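Report on the structure given below.
In what follows, every chain begins at residue 1, and chains take the letters A, B, ... in the order their sequences are listed. All values reported here derive from a predicted model rather than from experimental measurement.
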Amino acid sequence: MINITFPDGRVQPVEPGTSPLDIAKSISEGLARNVLAAEVNGEIRDAFRPLTEDAKLRLLTWDDPGGQSTFWHSSAHLLAEALEVLYPGVKFGIGPPIAGGFYYDVDLGDRILREEDLPVIEAKMKELGKAKNAYRRREVSKADALAFFGAKGDEYKLELIDGLQDGQITFYEQGNFTDLCRGPHIPDTGAIKAVKILNLAGAYWRGDEKRKQLTRIYGVSFPKQAQLDEHLALLEEAKKRDHRKLGQELGLFTFSQKVGAGLPLWLPKGTIVRGLLEEFLKKEQLRRGYTPVVTPHIGKKELYVTSGHYEKYGADSFQPIRTPREDEEFLLKPMNCPHHCEIFKHKPVSYKDLPVRIAEFGTVYRYEQSGELHGLTRVRGFTQDDAHIFCTKEQVKDEFKDVIDLTLMVLKKLGFEHYTAQISVRDPNTPEKYIGDPANWERAEQEIKEAADEKGLITTVVEGEAAFYGPKLDFMVQDALKRSWQLGTIQVDYNLPERFELEYIGSDNQRHRPVMIHRAPFGSFERFLGVLIEHLAGNFPLWLAPDQVAVLPISDKYVDYAIEVTGFLKNRGFRSFADDRNEKIGKKIRDSELLKVPYMLVVGEKEASSRQLSVRRHGAGDVGILDWETFATRLQNEITVGL
RNA sequence: GCCGAUGUAGCUCAGUGGUAGAGCACUUCCUUGGUAAGGAAGAGGUCUCGGGUUCAAAUCCCGACAUUGGCUCCA
């Protein structure tokens with residue numbers, strides 16, 4: 001007998017060769033139906049794979065991420081099976097589970113898949129699912145594996161097998177389909193009841209753009225149709241919230257072919273929102289000892305040769321601009337830091353001046369490949385809420401903590417409640433990739449972790465993700481639809497102080513090299529606003545709304561009163577307009593609701609004669625009659641509270 | 001940059017070889033209406049751009065540009 005330990009500590013002896021699925025069956029049939037995989041001594045395995053020795057066992061259902069990814073992985077195999085039936089001779093790349101489902105990369109030869117083909121694939125998958133074919137695991141020798149896929153003519157699988165060690169190769173089969181696979185898989189295809197093939201895309205074999213491009217088929221699947229429906233509804237909701245669509249509908253920004261791809265044009269309303277964010281941050285930064293600066297949009301090529309950016313990115317940047325007479329070369333600035341380094345250098349700095357915090361909403365231009373551009377989140381010209389902190393190495397930790405504070409304050413103010421921090425440190429195996437004193441690195445990495453801990457951040461530490469010039473902390477922010485975005489960043493830099501020969505005079509009257517910290521709580525206004533629009537579904541809080549109050553006269557007899565009210569509100573600093581169109585009140589309300597204006601004031605005979613306001617809140621409806629002062633106070637209170 | 005899709009009025013879209021359509025928005029007129037669309041008339045388009053095929057191209061072919069789903073990249 002072998003001993004199986006359950007998560008609650010209970011130990012049950014079973015015959016060797018018993019599978020977790022058998023154990024589930026012995027507990028209840030219902031459980032057995034729901035078991036997708038098993039965690040055996042911390043490793044996720046097939047629930048049907050026999051246990052041969054003492055083990056800690058956890059049965060995984062749909063509610064476990066491990067159960068879901070196994071389910072999706074098996075769905076990818078089911079997709080492959082369907083493809084093989086529909087398109088004989090299809091060759092397969094890889095087919096893994098991913099965050100929101102699964103995909104399979106396939107080579108269909110000359111055949112091009114179209115949207116119309118997707119329902120056919122879905123139908124075939126459902127049909128094969130109903131067959132309830134069991135997934136079977138089989139260990140094969142390398143020679144046999146090569147022989148199998150050689151006979152099938154699948155060069156991609158052959159290449160994969162080539163990279164595997166003999167004795168560690170397994171096949172999984174279900175129905176008539178056999179795939180090279182490490183597993184694990186769910187017990188049988190019957191569990192895959194709801195399937196949706198989402199989209200098609202090209203993907204290079206092994207992610208290498210020099211190699212053949214395969215067709216990547218994305219799908220998602222669930223044990224129940226209701227779950228799929230819910231998932232599709234969420235995707236629908238995401239589409240509705242798309243900042244590109246809302247930006248258009250709310251008149252926030254636009255793009256022009258003539259101006260150029262990836263170069264957003266901020267419309268008046270968008271500019272108001274953006275300006276309010278700037279104002280908010282500027283105020284907060286002044287309070288925290290930042291000193292604002294302004295630097296030009298271009299800089300001489302030598303500036304970037306000094307900074308090292310020219311060597312590293314010059315070829316992949318907008319190319320230099322030349323002056324007609326002197327033949328000097330200027331670059332559009334891709335970063336603000338070289339300019340800020342020169343500002344730091346403009347006069348001798350004492351240790352008593354440190355930290356120096358130079359802040360600028362600096363617009364930068366980066367050449368992004370045409371296929372990369374996307375709404376506001378990936379553009380070629382954008383404005384960073386940038387600042388560079390020059391400090392001693394002893395001050396790094398406190399500065400980090402202050403920037404974390406600032407960032408959290410920003411996220412809270414804008415209604416982002418879920419976020420984590422990713423700390424990127426050196427890859428210990430390739431120390432030669434990093435510049436700067438290893439002792440400083442060690443210290444900074446440690447202090448970043450401490451600072452994040454002391455501020456109560458949930459962190460993940462990723463080795464090898466650090467920039468060559470220093471470790472960093474990035475904020476990963478989750479929006480209302482549980483999508484994760486990388487926004488703010490804090491980075492330590494040992495490189496630029498060196499290259500620009502930055503110095504300060506210490507208390508010992510000697511020259512010392514400061515440490516530089518790059519930081520941007522929003523990242524860029526463009527990207528942040530894109531994410532914010534989707535997070536809020538375009539419903540800006542009162543303080544950020546481009547129009548705060550729409551005054552809606554019932555008929556043109558009350559337009560004068562509406563204009564008077566608008567004037568009062570404007571004097572109190574609220575953004576307000578009167579809708580004096582010759583339209584019925586229902587129409588005016590509808591239009592203001594669609595524009596997501598937070599407050600609507602309906603004014604007619606009653607209000608004009610009593611000098612009152614009939615107040616309506618966006619999304620909430622009629623909130624009753626208020627006098628002017630009470631309404632103004634209500635607005636002020638709502639703004640003060642924030643959200 | 002690569003692969004696929006798309007590009008028709010300000011917006012959303014119909015229009016598969018014979019000189020361009022709808023709804024909304026816009027303008028004018030009628031209407032003066034109390035919490036999500038009042039009525040009528042009008043104006044608005046070298047059908048993204050450039051080539052080609054054809055008696056004839058929004059429509060078919062080629063190329064460019066832009067948008068888009070991905071891939072690769074991202075200081």
Roughly how far apart, to the nearest Å, are [N] and [M] at atom [atom1]?
{"N": "B:rA37", "M": "B:rA41", "atom1": "P", "answer": "22 Å"}
{"N": "B:rG15", "M": "B:rC60", "atom1": "P", "answer": "12 Å"}
{"N": "B:rG18", "M": "B:rU59", "atom1": "P", "answer": "11 Å"}
{"N": "B:rU16", "M": "B:rA66", "atom1": "C1'", "answer": "24 Å"}
{"N": "B:rU12", "M": "B:rU48", "atom1": "P", "answer": "14 Å"}

Exercise for the section: Identify, residue by residue, the members of residues 556-563 of chain A with a heavy atom below 4.0 Å from RNA chain B, and return them in order of residue number, or none. Expected result: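 The stretch gives A:Asp556, A:Lys557 as the residues lying under 4.0 Å from the strand, ordered by number.
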Exercise for the section: List in numerical order all residues of residues 252-267 of chain A for which some heavy atom is under 4.0 Å away from an atom belonging to RNA chain B. Expected result: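 Output list: A:Gln257, A:Ala261, A:Gly262.
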Every protein N/O within reach of nucleotides 22-29 of chain B N/O, cut-off under 3.5 Å:
{"residue": "B:rA25", "atom": "OP1", "partner": "A:Lys587", "partner atom": "NZ", "Å": "2.4"}

Exercise for the section: Please evaluate the base of B:rG34 for a donor-acceptor partner in the side chain of A:Glu607 within a cut-off of under 3.5 Å? Expected result: yes
Handout entry: Non-hydrogen atoms of A:Glu583 and A:Lys588 that approach each other most closely
Key =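 Closest approach of A:Glu583 to A:Lys588, heavy atoms only: O-CE, 3.4 Å.
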Practice task
Provide the closest heavy-atom pair for A:Ala537 versus A:Leu246 in the form atom of the first, atom of the second, distance.
Solution key: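 That closest heavy-atom pairing would be C-CD1, 3.6 Å.
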Handout entry: Where protein sits on nucleotides 68-73 of chain B, one letter per nucleotide: B base, S sugar-phosphate only, - none, heavy atoms under 4.0 Å
Key = SBBBBB
Contacts of [X] that satisfy side-chain contact (heavy atoms from CB on, under 4.5 Å) - sequence neighbours left out:
{"X": "A:Asp556", "result": "A:Val559"}
{"X": "A:Glu593", "result": "A:Ile589, A:Met600, A:Arg616, A:His618"}
{"X": "A:Asp316", "result": "none"}

Just distance, no hydrogens or angles: give the donor-acceptor pairs under 3.5 Å from side chains in residues 260-268 of chain A, sequence neighbours left out.
none

At 4.0 Å (heavy atoms only), tell me whether [X] reaches a base, stays on the sugar-phosphate, or touches nothing.
{"X": "A:Ile585", "answer": "sugar-phosphate"}
{"X": "A:Gly586", "answer": "sugar-phosphate"}
{"X": "A:Lys312", "answer": "nothing"}
{"X": "A:Thr215", "answer": "nothing"}

Problem - Partners passing ring pair (Phe, Tyr, Trp, His ring centres under 6.0 Å) against A:His339 (at least two apart in sequence or in another chain) - result: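 Partners of A:His339 by the ring pair (Phe, Tyr, Trp, His ring centres under 6.0 Å) criterion come out as none, since no residue qualifies.
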Practice task
With sequence neighbours left out, write down each residue that passes ring pair (Phe, Tyr, Trp, His ring centres under 6.0 Å) with A:Tyr103, or none if nothing qualifies.
Solution key: A:Tyr218
Problem - Salt bridge flag under 4.0 Å for residues A:Lys91 and A:Asp154 - result: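 Between A:Asp154 and A:Lys91 there is no salt bridge, as every charged N stays at least 4.0 Å from the carboxylate O atoms.
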Problem - Secondary-structure stems, RNA chain B, at least 3 Watson-Crick or G-U base pairs under 3.5 Å - result: B:1-7 with B:65-71, B:10-13 with B:21-24, B:26-30 with B:38-42, B:48-52 with B:60-64
Handout entry: Candidates A:Glu465, A:Glu432, A:Glu445, A:Glu463 - the one meeting salt bridge (Lys or Arg N to Asp or Glu O under 4.0 Å) with A:Arg426
Key =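 Of A:Glu465, A:Glu432, A:Glu445, A:Glu463, salt bridge (Lys or Arg N to Asp or Glu O under 4.0 Å) with A:Arg426 is met by A:Glu445 alone.
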Handout entry: A:Lys240 atom NZ: more than 12 heavy-atom contacts under 6.0 Å
Key = no
Could you list the protein-to-nucleotides 9-14 of chain B atom pairs, N/O on both sides, closer than 3.5 Å?
{"residue": "B:rC11", "atom": "O3'", "partner": "A:Gln248", "partner atom": "NE2", "Å": "3.4"}

